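Take a look at the structure set out below.
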Amino acid sequence: MNRVFALVDCNNFFVSCERVFRPDLEGKPVVVLSNNDGCIVARSNEAKALDIPMGAPYFKWKTYLEQHHVTVFSTNFMLYGDLSGRVMDVLQEHCSSVEIYSIDEAFLDLTGVPDPVAFARELRQTVRQWVGIPVSIGIAPTKTLAKVANSVAKKQSQYGGVCQLTGTASDDPLLQTFPVEGIWGVGRGHATTFFWGGVESAYDAKYVDATWLKEKMHTTGLRLQEELRGRSVHAFHAEPDPQKSVIASRSFGQQVTALSDLQEAVATFTARAAKKLRDAGRTTTYLWVYICTSRFRSTDRYSNGIGTALEVPTNDTLALSARATQLVETIYKPGYMYQKAGVHMLGLQDEAREQLSFFMPPTTTKQKHLMAIMDRINDKFGERTIFPASTGVAQTWKVKRERGSPAYTTEWKEVAIVR
DNA sequence: TCTGGGGTCCTAGGACCC
DNA sequence: TCTGGGGTCCTAGGACCC
């Protein structure tokens, strides 16, 4: 039996989240900035109509935004995460098989649903009513086609937010109008390859010679084509795979030069990543640290990273911070204006599967207990209520966030007040 | 002055072993 | 002086995603 997938995608998600609490901004241009107020990462349709590009640096567009009375928000991840959870709850309530794909997207397995389009229309209404977030839904026998259908549903109002593709030749007229670079999995590199091969539309990619495709894009290309032809290659994962890595990194609010500042920042990011590990019940076996100057400056650039395999898998903040600050010291070069630092933890394992080493003692019960207490306090009273001294007190490198909306749903002191 | 952050997957190439 | 080939594991880096 043919599978039927749906892709539910929130429209302009971060902007829609802000509008839930600012209904006066409905119909008006709104953008949301990335961390550090660096880039524009979400735009309302009205902002898109003003030709404000995705990823544009804020400082370059500030004047233009003011001139056109665009409302600007700093990023508010607590709010977006919370509303995302509420959207996913609604989806899970109406469908038994949901794969959460990102903060604003989920695949549903609608195989066996008698009228998927009618189902999707109703679901769309429900999410809008219950959570206040508008969504678009694409339906198809493969994930790639569901993505295409979703994109069409979002951009062409005559579809009313729901579009279905079948995986047969009846898709072809629509695929002819769909640019190849809009396909899921086609980025800049593959788009260039397609361009030189004369492949312009999704239709062209569907019927292009498979030998050529394999030579140029290897299995990635072949899989993409299979999916466009209606044969499902990308499996549906109702249960998420265990996470394989965690990253914590930030650009600094202002550039720093001192080793001690970098170590403080790296210790802070390490603490954040280690907390993620503990929350997920995972440990890490490999720690990687990097520091770099701004990639936009033309001179005096420096970037370097270094990693180390850990003798004993751990998620202990103190142990990891100590290693991380040592590593920073080995790659630090004085005289540079550092802009960013980060920590990657790789080779994650299940916490329960503790491996003993001949050379090092296992993480002691005492250390685990300390971490548990620290987490409990910080979960209850807010991040960094208590923290290791290595992560610093002044944090001169801390991010900038000048136009933030309140944490309406996750902080009692900031809940919306009805007048 | 000011340009995001967190992930996954794939491939190439080196090290090492037999 | 002559100097193989195949397999596996690891890491780095590219490409892509949201």
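Letters A, B, ... mirror the listed sequences (proteins, then strands); counts begin at 1. Computed from a predicted structure; not experimentally measured.
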For [X] and [N], is the shortest distance between a side-chain N/O and OP1 or OP2 below 4.0 Å?
X      : N     : value
A:Q255 : B:dC2 : yes
A:R297 : B:dT1 : no
A:S251 : B:dG5 : yes
A:K340 : B:dT3 : no
A:R250 : B:dG6 : yes

Between [Y] and [X], do the side chains contain a donor N or O and an acceptor N or O under 3.5 Å apart?
X      : Y      : value
A:Y101 : A:D9   : no
A:N315 : A:T283 : no
A:S303 : A:R295 : no

Rounded to whole angstrom units, what separation is found between the [atom1] atom of [X] and the [atom2] atom of [N]?
X      : N     : atom1 : atom2 : answer
A:Y290 : B:dG4 : OH    : C1'   : 10 Å
A:I40  : B:dT3 : CD1   : P     : 14 Å
A:Q339 : B:dG5 : CD    : P     : 8 Å
A:L33  : B:dC2 : CG    : P     : 17 Å
A:D37  : B:dG4 : CG    : P     : 12 Å
A:L348 : B:dG6 : CG    : P     : 14 Å
A:N35  : B:dC2 : CG    : P     : 17 Å

My understanding is that only residues two or more places apart in sequence, or in another chain, count here; which of them pass side-chain hydrogen bond (donor to acceptor under 3.5 Å, both in side chains) with A:Y64? none

Under the rule for side-chain contact (heavy atoms from CB on, under 4.5 Å), what residues qualify as partners of A:T220, not counting sequence neighbours? A:H190

Residues at least two apart in sequence or cross-chain that pass side-chain contact (heavy atoms from CB on, under 4.5 Å) with A:K155, listed by chain then number, are A:S151

What nucleic acid atoms does [X] come within less than 4.0 Å of, heavy atoms only: base, sugar-phosphate, or nothing?
X      : value
A:K62  : nothing
A:N36  : nothing
A:Q254 : nothing
A:A56  : nothing

With rounding to the nearest 0.5 angstrom, report the OG to CG distance, A:S97 to A:L91. 12.0 Å

Roughly how far apart, to the nearest Å, are C:dC18 and B:dT3 at atom P? 25 Å

Relative to the ring of [Y], is the ring of [X] parallel (under 30°), tilted (30 to 60°) or perpendicular (over 60°)?
X      : Y      : result
A:Y336 : A:Y302 : parallel
A:Y80  : A:F14  : parallel
A:F5   : A:F236 : parallel

Between A:F14 and A:I247, just flag the one whose closest nucleotide in DNA chain B comes earlier from the 5' side. A:F14

Secondary structure of DNA chain B per the Watson-Crick/G-U criterion (both distances under 3.5 Å; [ ] crossing, | other strand, . unpaired) is ....||||||||||||||

Can you name the nearest heavy-atom pair linking A:R223 to A:H234, along with the distance? NE-CE1, 4.4 Å

Between A:P242 and A:D350, is there a side-chain heavy-atom distance shorter than 4.5 Å? no

Protein-proximity profile, nucleotides 7-18 of chain C, B/S/- by nucleotide at the 4.0 Å heavy-atom cutoff, equals ---------SSS

Those residues of residues 215-225 of chain A lying under 4.0 Å from DNA chain B by at least one heavy atom: A:H218, A:T219, A:R223

Is it the case that over 12 heavy atoms from other parts of the model lie below 6.0 angstrom from the NZ atom of A:K276? yes

